[in-house]
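The block underneath contains the structure these notes are about, expressed in structure tokens.
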Amino acid sequence: MDVQRKFGDPILEVNDISLSFGGVTALENVSFDVLEGEVRAIIGPNGAGKSSMLNVINGFYHPQQGMITYKGETRKQMRPHHAASRGIARTFQNIALFKGMSTLDNIMTGRNTKMKKNLFWQALHVGPAKQEELEHREYVEHVIDFLEIQAIRKTPVGRLPYGMQKRVELGRALAAEPELLLLDEPMAGMNLEEKEDMCRFVLDVNDQFGTTIALIEHDMGVVMDISDRVVVLDYGKKIADGTPDEVRSNQDVIEAYLGVVQDDELAASQNN
Amino acid sequence: MFYREAGQFKDNYASDQALFPIAQDRWFVMIVMGIAFVIVPFYIDDYWTNAIMLPFLIYALAAIGLNLLTGYCGQVSLGTGGFMAVGAFSTFKLTTAFPELNFIIVVLLSGAITASVGVVFGIPSLRIKGFYLAVATLAAQFFLVWMFNKFGWFLNYNPTGQIHMPPREIFGVLITGPRAAPEVKYLFVLIFVSLCALAAKNIVRGRVGRSWMAIRDMDIAAELIGIRPLEAKLTAFAVSSFYVGMAGSLYFGIWLGAAEPIEAFGIEQSFLVLFMIIIGGLGSILGSFLGAAFITLMPILMKNFMVDGLGLAVVTAKHIEITMLGVLILFFLIVEPHGFARLWQIAKEKLRLWPFPH
Amino acid sequence: MNPELLFFFETVIGGLMAGVMYSLVALGFVLIFKASGIFNFAQGVMCLFAALALYDFMAPGGWVDRWFGFTFPVWAAIALTIVVMIILAWLIERFVLQYLVKQEPIILFMATIGLAYVLEGIGDILFGSDVKPLDVGIPQGASDWLWDNFNLYIEKLEIFAAATAAVLVTVLAIFFQRTRIGRALRAVADDHQAALSVGISLRTIWVIVWSVSGIVALVAGIMWGSKSGVQFSLSLIALKALPVLILGGFTSVPGAIVGGLIIGVGEKLAEVYFGPYVGGAIENWFAYMLALVFLLFRPQGLFGERIIERV
Amino acid sequence: MAQDKAQTGNGALLRVNNIEVIYDHVILVLKGVSLEVAEGGVVALLGANGAGKSTTLKSISNLLGAERGVVTKGSIIYQNESVHSLSPNELVNRGVVQVMEGRHCFEHLTVEENLLTGAYTRSDGRAAIQQDLELVYKYFPRLQERRKSQAGYTSGGEQQMLSVGRALMARPSLILLDEPSMGLAPQLVEEIFDIVKRLNENEKVTFLLAEQNTNMALRYSKYGYILENGRVVLDGDASTLLDNEDVKEFYLGVSGEERKSFRDVKHYRRRKRWLA
Amino acid sequence: TAYELVMPSLDYRTGPYAPNGIPFANGYHDYLMMLNGRDGGIEGVPIKLVQCETAYNTKQGVECYEKVKDTAPSRSLIVQPLSTGITYQIIPKASVDEIPVHSMGYGRTSAANGKVFPWIFNFPATYWDQAAVFVKYIGEREGGMENLKGKKIALVYHNSAYGKEPIRTLEKAAEKFGFEFMPLAVDHPGQEQKATWLQIRKEKPDWVMMWGWGVMNQVAIKEAASIRYPMDHFLGVWWSGSENDVLPAGDGADGYLSGAFHAPGDTFPVHDDIKKHVYDTDKALGERDRIGEVLYNRGLIAAVYATEAIRNAMKIHNTKEVTPTMVRDGMEALDLTEDRLKELGLPDFTIPVKVTCDNHAGPRKVAIQRWDAKAKKWSMITDFYDTMNDIVDPLIEEDSSAYAKENNITPRDC
Ligand SMILES: Nc1ncnc2c1ncn2[C@@H]1O[C@H](COP(=O)(O)OP(=O)(O)OP(=O)(O)O)[C@@H](O)[C@H]1O
Ligand SMILES: Nc1ncnc2c1ncn2[C@@H]1O[C@H](COP(=O)(O)OP(=O)(O)OP(=O)(O)O)[C@@H](O)[C@H]1O
Ligand SMILES: [Mg+2]
Ligand SMILES: [Mg+2]
């Protein structure tokens with residue numbers, strides 16, 4: 001890392017979170033924080049509780065125990081739309097796009113919380129409602145340009161290949177102008193080239209808009225390269241937390257997750 | 001080839017978001033509207049008005065209403081008949097209580113009353129989903145109809161439980177009752193339905209429409225990106241019921257003129273409108289019209305063809321008609337599960353590429 | 001016994017019995033839904049169709065009689081009707097379902113409505129629309145023994161129906177939960193495409209379930225046909241089965257029975273004790289309201305599979 | 001192209017000849033794809049998003065119908081027999097099983113029931129099935145831990161393991177794997193490819209796998225096809241492909257000598273394409 | 001081409017009520033076809049029967065009405081809507097189109113008032129008359145009207161406009177005679193009536209009346225038999241008294257009573273003519289052995305009334321090319337005497353009917369018939385009873401004047 005990156009105060013802190021479903025414990029006393037402006041990775045073996053953690057953060061799961069502090073406000077749990085309107089946006093592990101809608105409309109939904117005109121004006125579709133619609137359309141077009149998906153603007157997302165769908169999903173999250181962006185395996189199912197693009201998008205969002213990013217990813221190359229700090233979960237417990245380099249050399253992490261370091265990519269990135 | 005978009009450039013977002021961004025579409029719609037408004041009224045007679053155009057237009061309005069709820073917001077409702085009854089009875093009570101009230105206002109108010117009833121019965125949708133909700137909405141269907149049938153107040157204490165539309169004028173022209181001229185009824189309904197369709201189209205391409213569709217496609221994700229299910233679902237129920245209520249109002253006021261709650265607003269009514277939107281195309285305003293046309297006209301056309309054309313016995317024709325209607329429904333579903341609207345779209349895409357297949 | 005109390009008992013038992021009759025219809029819905037995720041609106045018409053076919057095999061003046069000059073004894077007629085229902089299932093699969101793999105539930109629902117029209121039309125053309133009194137030898141009338149000894153009024157037909165339903169439910173529940181085919185059926189309901197990919201033949205499965213539910217429809221058709229004659233109205237009993245269905249859960253065989261019992265008792269008690277105050281005929285909506293109330297607490301019905309909500 | 005470079009003589013188990021696929025009547029997706037899989041081979045199908053990998057696999061296993069896609073041209077020959085018109089279950093009976101992309105599990109069935117459903121077509125008795133169940137559990141211990149949970153409630157990776165495990169339960173002779181490594185933790189990715197290797201060597205199972213993890217895929221396979229825009233643009237032995245400069249640059253991310261850090265990619269690369 | 005008399009018939013041979021609609025439609029059809037075959041129509045002018053299927057559905061009824069009303073060459077001379085719902089629908093339209101409607105024994109009762117409803121006829125009796133006659137009959141059976149006091153009379157009714165018709169009359173009668181009135185609604189289609197009959201079993205009404213239709217009738221009669229309700233205290237309106245209704249209950253239905261305004265059976269000369277001119281010439285739609293069923297005969301008598309009215313019209317206006325307006329005049333001058341009935345081959349089939357300008361409901365008399373389960377036969381067991389004018393007339397007056405007011409109709413002078 002050539003440039004020294006600067007981060008602000010913690011935008012998000014999770015404290016002592018425990019979550020279980022019937023007999024299954026998904027999270028157990030997990031605490032960590034995310035600093036403003038950083039790229040924070042969450043890694044861990046399958047079923048470790050990473051996705052559950054994101055679900056807790058934006059209010060879909062309600063933890064049995066623990067506190068979440070977001071932008072200085074502490075609560076036991078969030079309401080999903082409350083989280084959304086306070087600037088938390090996310091993408092999903094199993095793509096959760098609105099299949100029947102076009103790319104453009106999908107991304108426009110991301111701006112829903114920002115649109116205010118009431119039903120009556122919308123039914124008439126003149127004056128203020130139209131104005132508002134156009135303003136937001138313009139912002140969305142920025143996002144579309146940014147993600148280079150102009151060509152599929154009007155395509156129903158159900159028809160898009162997997163990778164494109166992931167991109168549209170990112171677009172939808174970006175359209176909300178989030179302060180905290182939660183990404184659940186954004187690069188799964190992409191080839192290298194596309195991963196590079198995706199990393200670029202993530203880093204650009206982070207740079208240009210100062211958006212804080214929390215990201216789950218299994219590709220160690222990506223995680224090690226682009227994240228500032230990494231939390232490692234295993235069986236619902238936090239087993240490590242630190243910079244990529246610290247984590248990589250942590251014996252627990254190697255045993256639980258990375259396996260014997262033999263991955264070419266990992267080796268390669270170590271050489272870097 | 002015929003349907004070429006090339007060369008039609010849009011240089012601002014407004015024109016890209018226009019109702020019919022493609023010129024051919026614009027022309028097509030204008031021609032259809034021209035015929036409907038200018039030519040048809042000169043030729044229309046009692047039969048065409050009462051047996052064909054009024055049911056078609058009024059059902060189209062109801063279908064748009066249900067489509068907003070089911071096709072756009074994904075909440076399957078079988079309470080349409082009950083909500084139409086609310087519209088009809090509101091109209092009856094309003095015109096008899098305030099004979100001077102303009103009929104246009106009566107229709108709008110009936111819609112509004114139905115909307116509020118719709119919201120109440122929409123509340124369970126926050127918890128109940130899919131077919132469970134569909135069946136649960138039958139509670140509304142049965143309860144509302146029962147209520148209108150049971151309490152004399154709704155019927156103005158008419159001993160036989162029928163309601164009648166008294167003759168009413170707007171701007172000096174008789175619009176309801178048997179003496180109203182067929183073309184007047186037709187034009188009135190046509191104007192109403194066209195404006196409503198336009199408003200519906202506007203709603204579904206704006207924020208509210210998108211949040212409905214988001215709820216439909218994946219309600220959890222929608223909630224997580226900041227769409228309030230409560231707000232979205234209840235507005236869908238409200239707007240949908242508003243439309244259905246107006247349809248009920250016209251259905252009773254202009255078309256039938258008299259109605260009996262159980263018969264006129266029974267569960268068949270709910271199913272009928274549901275067929276229309278599925279056959280026409282869920283999530284399509286155009287589809288609502290196509291579906292309404294199919295379901296209201298097809299049986300009549302088939303009947304007239306078989307009885308007048310082929311000279312079949314009436315009863316045989318009826319049996320064949322029922323069977324054929326079923327066969328046609330199956331046929332179209334197999335050809336294109338997403339309804340006529342989708343078929344139309346595919347046809348357009350083919351036309352665009354014509355003479356090349358892909 | 002105190003007449004008020006007796007009346008209460010009678011109402012409850014009457015409700016239970018009526019509920020069982022609804023359950024028989026609901027069971028057919030459950031089978032198909034559980035095994036293919038299709039909300040089969042044609043179930044009611046299938047009951048009618050089965051009863052019509054059965055009647056035709058047995059009664060003088062039917063096709064069989066006219067063409068061959070004889071009629072079948074009851075058991076043979078039932079066996080033949082079962083064959084007819086299996087053929088019907090095959091035809092339905094062959095000409096309709098096959099083309100609708102992986103479509104959305106509402107589309108499949110619509111297809112079954114189309115099917116209902118076709119069956120109704122064909123049933124009318126083939127068998128006419130007269131009322132056909134069906135008698136397969138099920139005892140009719142009030143049970144004399146209960147009447148004489150306890151002054152209780154219970155229909156023999158309904159006792160018979162209850163016993164039949166109990167047997168059916170037991171067999172079907174075991175079939176679904178314990179057998180390989182049962183597992184495959186549930187798999188199909190979850191994901192058509194994935195089921196195909198593991199080698200489950202949707203076509204076979206569909207023929208099987210539609211046949212089974214055709215047979216269940218026959219049973220329901222026999223019971224209702226014996227009760228009120230075979231005629232078009234028979235197809236409308238589907239509407240009485242719907243609240244049972246949602247209350248018990250679309251996917252649960254035992255749910256169909258328990259739901260039926262609750263709805264039956266609930267609506268009868270309401271009609272008898274609450275109805276007179278509001279003018280009566282509240283049974284219909286009350287059944288739905290009752291189901292709705294249960295659903296508010298358990299959106300998947302009492303015994304239905306949990307609706308999986310995840311991101 | 002494929003024919004003249006046939007991998008192992010004429011013993012091709014599967015031969016796809018010049019197929020065209022159209023979705024929804026109008027969307028042409030595959031524009032003449034041909035490929036060949038030798039008996040006992042491991043063949044990788046590579047390509048960017050939307051190149052048509054999944055579509056190719058689905059046309060082989062005949063799962064396209066469910067998505068309103070049709071093969072309009074060409075032929076698919078398996079064991080010297082055209083399988084174009086067979087139903088998917090008949091294909092499974094003949095030993096062709098596909099693991100679909102995107103974890104199609106039976107949500108309401110438990111993990112174990114899912115696995116057992118995988119053995120639906122088998123008739124070699126309970127004991128044998130039980131044995132294979134143990135085997136799958138051995139490969140994926142995580143599944144054993146969650147065996148009684150409803151599949152719909154398992155994590156993404158667990159579902160992925162489940163769909164791979166389920167396919168193994170059918171004891172197929174040809175497995176079509178669509179992105180098996182997606183969403184799996186690194187050591188599991190390794191594990192999956194190990195399983196591929198083991199089954200291929202010990203049980204003579206043939207594999208056709210679509211993968212994004214080019215590096216892995218090519219290391220474990222013998223032959224590879226690169227698909228772009230619905231056409232095969234390059235094919236060859238895995239080792240040859242690994243050495244191909246273009247492949248290296250675009251699929252392996254090694255330009256010149258070594259791999260670049262993701263952070264260092266400072267501009268979106270204008271990709272060079274073999275075919276527009 | 002030759003002039004033809006257009007007579008539409010809005011049938012329902014499909015849907016839940018088809019079992020009842022079919023025999024009626026057959027009776028109507030057969031009589032007209034018989035006239036065509038035997039006499040070449042009415043006074044030599046052939047009849048053009050235009051059938052239209054409504055499935056007992058109001059909306060389809062509207063379509064049918066609009067379709068048939070202007071049929072060439074004569075326009076519809078007289079419409080039989082055959083459903084209370086459709087009748088209500090058509091009443092205002094027909095009045096504007098000036099086409100007479102005959103809703104025989106159904107439809108809107110207050111249409112009896114010819115001053116307000118010049119185009120609508122509902123002779124020979126209305127539902128309110130039927131209710132009144134039932135009360136009279138019960139009084140007679142109880143040994144005098146004064147004995148009605150303190151009796152309990154239940155009404156099991158189809159929960160629709162049709163089923164609700166008698167309620168007002170019965171309420172008035174209950175007031176007057178001091179019996180307890182207990183209405184029990186049954187929802188369409190009425191396959192499940194357990195609750196109703198449990199209530200009856202508990203409350204033990206002395207008499208039960210029924211206004212049912214379709215499957216509701218059959219189930220009710222069966223249930224009544226099951227709870228061992230005495231069948232000779234169970235009275236159905238004339239639409240609840242056909243073979244279809246009682247046969248499914250088997251022996252249990254023996255002794256069940258129902259209203260009627262014509263005789264059952266196929267023993268009248270007219271039936272022989274029908275067999276000869278319709279069935280032997282293969283023009284029939286129904287089966288020969290069902291001639292003479294109650295509803296068949298009802299269709300037949302409807303056809304008799306209509307054709308006699310047309311014949312009248314021809315006489316009055318002295319033309320064979322009658323119009324609907326003329327037929328209306330013919331209806332209002334209808335006087336079907338006993339002798340005329342005999343001439344028509346219907347001796348003692350029904351009572352004489354006389355319709356006038358202000359009385360469109362005719363004699364308003366009803367008889368009672370009883371079902372014999374052994375012989376599988378209905379038979380008339382009483383004479384025709386008069387209605388109770390003191391109860392019914394004011395109701396008709398009230399209802400028709402309310403209608404007139406609502407629709408700005410000035411009652412004509414008669
Ligand atoms: N059901 C469908 N309807 C219409 N188009 C489709 C459908 N499925 C796929 N496509 C289109 O077919 C093309 C190829 O898709 P396919 O899924 O085969 O790609 P892929 O190579 O598997 O991509 P990925 O790596 O993202 O999985 C894409 O452009 C996609 O838009
Ligand atoms: N709603 C739920 N009900 C029951 N169990 C659940 C639920 N959600 C998650 N789990 C379980 O909790 C554990 C953690 O799941 P989670 O999805 O968080 O894993 P993950 O770390 O994201 O794994 P992966 O990398 O495979 O996606 C898993 O074992 C999963 O089966
Ligand atoms: Mg996860
Ligand atoms: Mg793919």
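Labels below follow one simple rule: chain letters A, B, ... track the order of the sequence lines, proteins then strands, and each chain is numbered from 1.
Nearest heavy atoms, D:Arg166 versus C:Ser197: NH2-OG, 4.2 Å. For C:Ala187 against D:Thr117, the heavy-atom pair with the smallest separation is CB-CG2, 3.9 Å. Taking all atoms of both residues into account, the shortest heavy-atom contact from D:Leu109 to C:Asp190 is N-OD2, 3.8 Å.
Here the rule is side-chain hydrogen bond (donor to acceptor under 3.5 Å, both in side chains) with C:Gln193, and of D:Lys58, D:Gln98, D:Glu67 only D:Glu67 fits it.
A cation-pi arrangement is not found for C:Arg183 relative to D:Tyr120, the charged atom failing to lie both closer than 6.0 Å to the ring centre and inside a 45° cone about the ring normal.
Counting non-hydrogen atoms of neighbouring residues, nucleotides and ligands closer than 6.0 angstrom, the CD atom of D:Gln131 reaches no more than 12 such neighbours.
Ranked by non-hydrogen atom pairs under 4.5 Å with chain C, the options D:Met169, D:Met100, D:Arg68, D:Glu90 are led by D:Met100. With chain C as the partner, the residue from D:Asn93, D:Val92, D:Val96 showing the most heavy-atom pairs under 4.5 Å is D:Val92. Chain D forms more heavy-atom pairs under 4.5 Å with one residue of C:Val188, C:Val101, C:Val198 than with any other, namely C:Val198. Taking D:Asn62, D:Leu63, D:Asn114, D:Val97 one by one and counting their heavy-atom pairs under 4.5 Å with chain C, the maximum is reached by D:Leu63.
Distance check, rounded to the nearest 0.5 Å: CZ of C:Arg186 to CD of D:Glu107 gives 13.5 Å. Atom CZ of C:Arg180 sits about 10.5 Å away from atom CZ of D:Arg126, to the nearest 0.5 Å. Distance CG/D:Asn89 to CD1/C:Ile200: 9.5 Å, rounded to 0.5 Å.
For chain C, no part of D:Thr110 is nearby; none of its heavy atoms comes within less than 4.5 Å. Only the side chain of D:Gln150 comes within contact range of chain C, with at least one heavy atom under 4.5 Å from a heavy atom of that chain. Heavy-atom distances place both the backbone and the side chain of D:Thr121 under 4.5 Å from chain C. In this structure, no portion of D:Ser61 lies under 4.5 Å from any heavy atom of chain C. Heavy atoms closer than 4.5 Å to chain D are found in both the backbone and the side chain of C:Ala195. For C:Ile205, the part lying near chain D is the side chain, with the backbone staying farther off; criterion is any non-hydrogen pair under 4.5 Å. Contact of D:Arg94 with chain C is not made at all, since no heavy-atom distance falls under 4.5 Å. If you measure heavy-atom distances from D:Leu176 to chain C, you find no contacts under 4.5 Å at all.
Of the possible polar contacts, none joining the C:Asp191 side chain to the D:Phe106 backbone as a donor-acceptor pair under 3.5 Å is found. Between the side chain of D:His108 and the backbone N or O of C:Arg306 there is at least one donor-acceptor pair closer than 3.5 Å.
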